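Bear in mind that the values here come from a model prediction, so they are computed numbers and not experimental data. Proteins come first, then strands; the chains are lettered A, B, ... in the order of their sequence lines, and each starts at number 1.
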Amino acid sequence: MANIRNLDLNLLLVLDTLFEEQSVSRAAKQMRLSQPTISFSLNKLRTFFDDELFVRAGGAMVPTPRAEALRDPVKRMRTLLETEIATAAVFDPGTTERVFTVSTSDIGELVFLPALLEALRTRAPHVRIVSRSMPPAELQQAMTDGKVDLAIGYFPDFAGGTYFEQKLFDHPFACLARKGHPAFVRGMSLAAFLEADHAVVSQEGRSQEIFERALAEAKLSRRVMLHSQHFMTVPLLIAGSDLVATVPRAVALAYSRMTSLEVFAPPMSIPNIELKQFWHRRTQQDPANMWFRRLTSELFLRRDPSTSGAGFLFA
DNA sequence: GAGTTACAGTCATACGTTGG
DNA sequence: CCAACGTATGACTGTAACTC
């Protein structure tokens with residue numbers, strides 16, 4: 001067998017057309033080429049396959065057994081080329097079974113996933129979402145490798161150039177204490193806040209640093225009784241003690257639904273958390289990713305899902 | 001950027017097959 | 001045998017890729 005480098009894809013298209021037409025002249029007409037061109041192509045095919053491929057028999061060019069063996073594979077290759085390779089890159093959300101991998105914090109899952117899943121249910125019913133949380137360095141590598149399509153949330157260390165970003169909305173902090181906490185009967189004053197014992201829920205590189213920086217700049221200090229990395233145990237600890245926790249409001253709302261906790265506006269100025277979506281430049285022009293980013297943008301641009309329907313909190 | 005090379009294509013025509 | 005039709009081939013051309 002000759003070197004495959006000598007096999008031009010166009011030669012295989014000629015071969016396929018010859019099977020259909022059983023005539024060099026008609027194949028030429030169908031391919032809008034001259035008869036000698038097809039004859040020349042057939043000659044190259046003959047050299048490559050070391051077989052006559054088509055021989056004259058009466059008025060027709062009939063395939064040899066060797067050619068006959070190539071008929072189906074060549075047809076399959078042409079179909080593959082036409083339907084999967086040479087087609088325009090289109091993305092049909094209605095039929096796609098694409099899996100989108102999103103990286104967000106557990107807070108992010110709480111804030112973004114419900115609205116996202118609801119939107120997908122009607123617009124892209126076969127799309128599946130994989131949510132993966134990982135440290136920032138690992139996340140950047142995963143996005144470079146194409147293992148993560150989109151990062152949504154607070155990621156201060158994404159450098160420009162390689163990544164694109166879009167700000168979605170600002171998310172505030174909120175304070176949590178048990179219902180009936182004696183120090184906060186008439187709301188949460190700064191004095192009472194500073195007087196209380198605190199619990200800090202913090203994972204590395206997360207939004208907690210915004211709150212800590214704001215306290216430091218205001219030269220305020222508080223007594224932290226508990227540091228925890230586990231979001232799930234903290235609401236129970238607060239409910240059963242006089243501890244106060246300051247967390248992203250979405251977390252506060254979720255906690256307050258789980259146990260009898262009260263949500264307060266923080267008694268000092270804290271910058272909002274800028275929640276953004278980030279993607280690698282390699283996916284900038286990918287139709288599937290473009291569609292997915294447009295969807296998240298449509299759902300969350302300047303719209304904090306934890307605020308809608310819960311306007312009673314800080315109205 | 002000019003010169004060179006490779007190659008796909010056309011045109012013209014030679015060649016082969018078939019059927020009357 | 002020969003006209004009609006189809007295939008094969010040589011000469012030539014335009015273009016793209018390569019080289020310096």
Enquirer: Under 4.0 Å: is that the gap between some side-chain N or O of A:K44 and OP1 or OP2 of B:dA8?
Expert: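 Answer yes for this pair, as a side-chain N or O of A:K44 is under 4.0 Å from OP1 or OP2.
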Enquirer: Where the side chain of A:R249 meets the backbone of A:F173, is there a donor-acceptor pair that is under 3.5 Å apart?
Expert: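 It does not hold such a pair.
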Enquirer: How close or far is atom P of C:dG6 from atom CG of A:N43, stated in whole angstroms?
Expert: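 Those two atoms, CG and P, are 20 Å apart.
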Enquirer: Which of the following nucleotides, C:dA8, B:dT10, C:dG6, is nearest to the side chain of A:S25?
Expert: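 The nucleotide sitting nearest to the side chain is C:dG6.
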Enquirer: CD1 of A:I38 versus P of C:dA8: gap in Å, rounded?
Expert: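 Rounded to whole Å, this separation is 11 Å.
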Enquirer: Among B:dA8, B:dG9, C:dT7, which is the nearest nucleotide to the side chain of A:Q35?
Expert: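 So the nucleotide nearest the side chain must be C:dT7.
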Enquirer: Hey, is the side chain of A:R46 poking within less than 4.0 Å of OP1 or OP2 on C:dA8, counting only N and O atoms?
Expert: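 Indeed, a polar side-chain atom of A:R46 lies that close.
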Enquirer: Once you round it to whole Å, what is the distance between P of C:dG6 and CD of A:Q22?
Expert: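 Answer to the nearest Å: 14 Å.
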Enquirer: Quick one: A:L53 CG to C:dT7 C1', roughly how many Å, whole number?
Expert: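 In whole Å, C:dT7 C1' lies 15 Å from A:L53 CG.
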Enquirer: Within this structure, what is the CG-to-P distance between A:L45 and B:dA8, rounded to whole angstrom?
Expert: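 To the nearest whole Å, that distance equals 12 Å.
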Enquirer: Output yes when at least one side-chain N/O atom of A:S39 is less than 4.0 Å from OP1 or OP2 of C:dA8, else no.
Expert: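 Indeed, a polar side-chain atom of A:S39 lies that close.
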Enquirer: In plain terms, say whether A:R98 and A:D149 are close enough for a salt bridge, that is, a side-chain N and a carboxylate O under 4.0 Å apart.
Expert: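 Judged by the 4.0 Å cut-off on N to carboxylate O distance, A:R98 and A:D149 do form a salt bridge.
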Enquirer: Whole Å only: how far is the CZ atom of A:F40 from the P atom of B:dA6?
Expert: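 Going from CZ in A:F40 over to P in B:dA6 covers 14 Å.
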Enquirer: With the criterion being N/O to N/O and under 3.5 Å, what pairs connect the protein with nucleotides 10-14 of chain C, and how long is each?
Expert:
none

Enquirer: Salt bridge or not between A:E298 and A:R293? Use side-chain N to carboxylate O under 4.0 Å.
Expert: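 Looking at A:R293 together with A:E298, the answer is no, because their closest N to O distance does not fall below 4.0 Å.
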Enquirer: Checking A:D92 now: which residues fulfil salt bridge (charged side-chain N to carboxylate O under 4.0 Å, His left out) with it, not counting sequence neighbours?
Expert: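 A:D92: no salt bridge (charged side-chain N to carboxylate O under 4.0 Å, His left out) contacts found.
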Enquirer: Measure the distance from CD on A:E21 to P on C:dG6 and round it to the nearest whole Å.
Expert: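 Between P of C:dG6 and CD of A:E21: 12 Å.
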Enquirer: What are the two closest heavy atoms between A:F300 and A:L116, and how far apart are they?
Expert: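 Closest pair (atom of A:F300, atom of A:L116, distance): CZ-N, 4.2 Å.
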Enquirer: So does A:K219 pair up with A:E217, basic N to acidic O under 4.0 Å?
Expert: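 A salt bridge is absent here (no side-chain N lies under 4.0 Å from a carboxylate O).
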Enquirer: Can you tell me how far C1' of C:dA8 sits from CZ of A:F54, to the nearest Å?
Expert: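 Nearest whole value for this atom pair: 16 Å.
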Enquirer: For the residue pair A:F278 and A:F164, is the inter-centroid distance of their aromatic rings smaller than 6.0 Å?
Expert: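 No, they do not, as the ring centres are separated by 6.0 Å or more.
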